[in-house]
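One structure is given below, encoded as structure tokens.
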Amino acid sequence: MAAVQPWATGMTTSEGEVAAAWQWREPSVLLIEDDAGDALLVEELVADSALKMRLRWVRSMAEAREVLAVEAPDCVLLDLHLPDAHGLEAVSMVHSLTEQVAVVVLTGMAEDDTGLAAVAAGAQDYLVKGRVEPELFGRAVRYAIQRKQAEQAAVALQASQMQAQENARLERGLLPRPLLRSNGVDIVARYRPGRAQALLGGDFYDIVQSPDGTVHAVIGDVSGHGPDEAALGVALRIAWRTLVLSGVTGPEQLARLEEILVAERARVEVFATLTSLSLPPGASCVRMMRAGHPGLLLRTDDAEVRWVEVAGGPALGVVPGLAHWPVQELPLPAGAALVLFTDGLFEGYIGQGRERLGEDGLLRLAKEVAGLAPEAFVDGLIHRAEDLAEEQGGLDDDVAVLHLRWNTGEANENEGGDEHSG
């Protein structure tokens, strides 16, 4: 028998429209067959088939393992009687080496049941040695590859749908509806996932109004991405709301949140930044605590915007049990608004030099849209940041933005009124 060269090419040209559609691409086929005579028959089928293909022949599963470790053929033609693998064990061994390759089993004339069992075990098709015509052979290889691709696409689609459903459930936990008792505060809230993010991040926010009319708000960001980080963000958000409704505020509130983070985090290096604030009815100053979180924007009634950064402490989980978070008072002019956000809004790379937008760049963008209404302001700010990062593929990290504007004259007039959120 003439030696079969690695990925040797069949000699015939294609015939018919179906075969012609495959001319742009010659599928690669790995033949695992210990019998030289049977290998010669396969080589002749390749040469006579309308479907051009590149054929490589190995005599054992050990040789196949070496090939599959460095190359990925489109299809494996597998004999079930190898010196080091027999029957359905051979199919399982191929699948253990590569899950991406279509498998067509080669059986003897009296082994129809074995061929069917191989298909049930994961092979795409089986062919009976000595009973295969070139046309049938080419069609079987082509269809096996197409079936394998369809199977992989279906699995990927199902996984994507399940992940999307899980992300939606987590997102509902991260981004709740504000719990308000009056219409004393107007809220615009936005969340944008980072570029190509199949995994939801741990950005979260919440707004709660306690029975005495005080409006409490929080925005936070768990380091990293993935289901563990998102679930931790949900846990912190729910814990914060529970603490607020239970009357726990000030440094004790952040200490309890840190205890939960340390207990629930999957890795010791995981931490969370957050800003928590409260404004009692009629007060002219917002009480704030900042745990490693970036500053915020203050919008005034005369369309001015400035960056505000009150003193704070370290992120939750960095020095468990040792941190201190001072309560700071921030004067809030009548009709002013506070804009809180996570760092994904200004840490994206921009331009050809891969420089970050940064805090100064974000403030510049905010001033460009300072005269817009709250929703247009928030959307404009996000869109401008996204546009600047477009050359680098978009914003890398998740972005959460919370725009809060207090209507001081209405804070206590409409108890039980509708909430206002974007």
Side-chain angles (χ1 to χ4, degrees), residues 1 4 7 10 18-19 22 27-51 53-159 162:
M1 168 182 174
V4 179
W7 309 128
V18 175
W22 278 64
S28 55
V29 177
L30 177 64
L31 171 63
I32 310 176
E33 171 63 74
D34 66 323
D35 187 281
D38 287 339
L40 177 59
L41 291 176
V42 172
E43 185 184 19
E44 292 174 348
L45 288 171
V46 170
D48 295 337
S49 171
L51 174 65
M53 63 187 77
R54 292 167 290 148
L55 181 68
R56 181 165 186 168
W57 172 39
V58 295
R59 296 173 179 266
S60 67
M61 191 61 67
E63 291 182 31
R65 182 178 291 106
E66 294 178 2
V67 173
L68 294 173
V70 295
E71 302 178 37
D74 295 299
C75 182
V76 166
L77 296 176
L78 177 62
D79 178 42
L80 295 182
H81 302 285
L82 299 171
D84 52 355
H86 186 78
L88 299 183
E89 175 194 12
V91 178
S92 298
M93 292 181 71
V94 170
H95 284 154
S96 70
L97 297 173
T98 173
E99 296 182 351
Q100 311 301 318
V101 176
V103 177
V104 176
V105 166
L106 302 176
T107 68
M109 293 186 181
E111 294 182 310
D112 273 1
D113 290 343
T114 302
L116 292 172
V119 171
Q124 275 60 56
D125 205 346
Y126 75 96
L127 297 172
V128 179
K129 298 178 183 179
R131 291 186 178 178
V132 182
E133 298 297 328
E135 181 181 356
L136 174 61
F137 174 79
R139 185 165 62 247
V141 170
R142 182 172 65 245
Y143 288 174
I145 295 172
Q146 292 175 335
R147 277 195 293 273
K148 186 64 177 180
Q149 292 172 343
E151 290 173 8
Q152 292 173 333
V155 169
L157 177 60
Q158 183 179 19
M162 292 179 64

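Quick caveat, the model's predicted, so the values are computed rather than measured.
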Kindly give the heavy-atom pair with the smallest separation between [X] and [Y], and that separation in Å.
X    : Y    : value
A121 : L88  : CB-CD2, 4.5 Å
H95  : A123 : CE1-N, 4.2 Å
E43  : L55  : CA-CD2, 4.1 Å
L127 : A140 : CD2-CB, 3.8 Å

With the side chain counted from C-beta on, respond yes when [X] and [Y] share a heavy-atom pair under 4.5 Å apart, and no when they do not.
X    : Y    : answer
V42  : V132 : no
F137 : V104 : no
V46  : V141 : no
V101 : V94  : no
D35  : D79  : no
L82  : I32  : yes
M61  : E89  : no

**Study point:** Ion pair K148/D74, N-O distance below 4.0 Å
**Key:** no

Check your understanding: Around E99, counting heavy atoms of other residues, nucleotides and ligands shown, do more than 12 lie under 6.0 Å from its CD?
Key -> no

Check your understanding: More than 12 foreign heavy atoms under 6.0 Å from CD of E135: is that the case here?
Key -> no

Point to revise | Flag, side chain of D84 to backbone of A62, donor-acceptor distance under 3.5 Å | key: yes

Exercise for review: Could you tell me whether a side-chain N or O of E133 sits under 3.5 Å from a main-chain N or O of R131, the two making a donor and an acceptor?
Suggested key: no

Practice item. Keeping to residues at least two apart or across chains, list the ring-ring contact (aromatic ring centres under 6.0 Å, His included) pairs with something in residues 61-85. Key: H81-H86

Check your understanding: Are V119 and V105 close enough, and set up right, to give a side-chain contact (heavy atoms from CB on, under 4.5 Å), and what steps lead you there?
Key -> CA-CA 8 Å; V119 171; V105 166; over 6 Å; no

Review point. Knowing that exactly one of V29, L68, I145 qualifies, which makes a side chain to side chain contact (heavy atoms under 4.5 Å, CB included) with P73?
Key: L68

Exercise for review: Have a look at L30 and tell me which of T98, V67, L77, L78 forms a side chain to side chain contact (heavy atoms under 4.5 Å, CB included) with it.
Suggested key: V67

Exercise for review: Report the C-alpha separation of D125 and R147 in whole Å, then their side-chain angles, then the decisive distance to 0.1 Å, and conclude whether the side-chain contact (heavy atoms from CB on, under 4.5 Å) test is met.
Suggested key: CA-CA 9 Å; D125 205 346; R147 277 195 293 273; 3.4 Å; yes

